[in-house]
Amino acid sequence: MAKILVATEKPFAPVAVEGIREVIADAKMELSLLEKYTDKAQLLEAVKDADALIIRSDKVDEAVLAAAPQLKIVVRAGAGYDNVDLAAATAHGVCVMNTPGQNANAVAELVFGLLVMGMRNLYNGTSGKELKGKKLGILAYGNVGRNVARVAKGFGMEIYAYDAFCSASVIEGDGVKAVASAEELFKTCAIVSLHIPATAETKGSINHHLLSLMPKGAIVINTARKEVIDEPGLLQAMAERPDLKYLTDIMPAAHAELAERFADRYFSTPKKMGAQTAEANINAGIAAARQIVDFLVNGNERFRVNQK
Ligand code: 3PG
């Protein structure tokens, strides 16, 4: 009987685990659960006899793959798969998938949770600003970016987007203004929401230069990845611009310094919370379980992200 391991340092909601359990039981497969583990050794032990693995931001590297001789597939229940060593997975003959779009609405809603908090000066009792009529820049128009645009329309915002891989006609088709570069987006919009993945090209790309281009009253929202920020550049821009706010769902390495020096205009969630809703957990968790069953039973490799 094929064994599916769900290994989540940050667990799914119990209702999502029940849904995953049902999909796996219906397929006559076995579910094994490793939640809230604190030590990599626990993961290495748990993958020993796993045929398939469901993870979230959990790291799957060479050591994990080497400890899992039966492993055939890893599904990252979520969008970003920068936590999986794709080349090592390919070398071990393991298929890697993600579940694109399944948690996008949850992340998009958190963008506005952070944004309203920023516009109201972190609820410090002073007079804030409204979103209506303000220019919002969406950096990368993927599943989350599109949901952010949809919600922003309800707030009456003027919406701009830049995406190196999405055509202007697709963006404009949603009633969003497409701009030609990240520079133009930061120059145009005092509010920018980041939705780029962490890749070799994007790491450190949100730098002092881009931050210094932003109009007065700037707010940067990061629900993407901490690695896309050039932290020395962010610290410099925060020091130079008393109007700049940085609100993030991914705690920066320089969190302590940012919190101490810029307490009135810096905020980080203690743990990445964007996808941490029952709905997103159900959507992504069950999609992951279904993709695994379809792969193991029918060989379906839709959503594969690594080379064969
Ligand atoms: C994603 O890439 O899907 C999000 O960053 C959510 O990550 P999480 O599953 O660790 O909350």
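Atoms within each ligand, like the ligands themselves, are counted from 1 in listed order.
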Whether over 12 other heavy atoms sit under 6.0 Å from [X] [atom1]:
| X | atom1 | value |
| --- | --- | --- |
| Lys129 | NZ | no |
| Lys153 | NZ | yes |
| Arg146 | CZ | yes |
| Tyr141 | OH | yes |

To which protein heavy atom is atom 3 (O) of ligand 1 closest, and what is the distance rounded to 0.1 Å?
->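 Protein heavy atom with the smallest distance to atom 3 (O) of ligand 1: Ala79 N, 2.6 Å.
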Protein residue, atom and distance nearest to atom 10 (O) of ligand 1, heavy-atom basis =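 Result for atom 10 (O) of ligand 1: Ser57 OG, 2.5 Å.
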Mark the output for Arg76 as yes if a heavy-atom distance to ligand 1 is under 4.0 Å, and as no if none is.
->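 Yes; Arg76 lies near enough to ligand 1 that a heavy-atom distance drops under 4.0 Å.
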Is it the side chain, the backbone, both or neither of Asn103 that has a heavy atom closer than 4.0 Å to ligand 1?
->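 Looking at Asn103 and ligand 1, just side chain atoms fall under 4.0 Å.
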Heavy-atom distance to atom 5 (O) of ligand 1: which of Lys271, Glu9, Lys272 wins?
->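 Considering heavy atoms of Lys271, Glu9, Lys272, the nearest to atom 5 (O) of ligand 1 sits in Lys272.
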Show which atoms of ligand 1 fall inside a sub-4.0 Å distance from at least one heavy-atom site of Lys10.
->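 Matching atoms, with element in brackets: 8 (P), 10 (O), 11 (O).
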Check each atom of ligand 1 against the heavy atoms of Gly78 and keep those under 4.0 Å away; list them by number with element.
->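 Listed by number with element: 3 (O).
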So, Arg241 and Asp243, do they make that salt bridge, N to O below 4.0 Å?
->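 Result for this pair is yes, salt bridge flagged.
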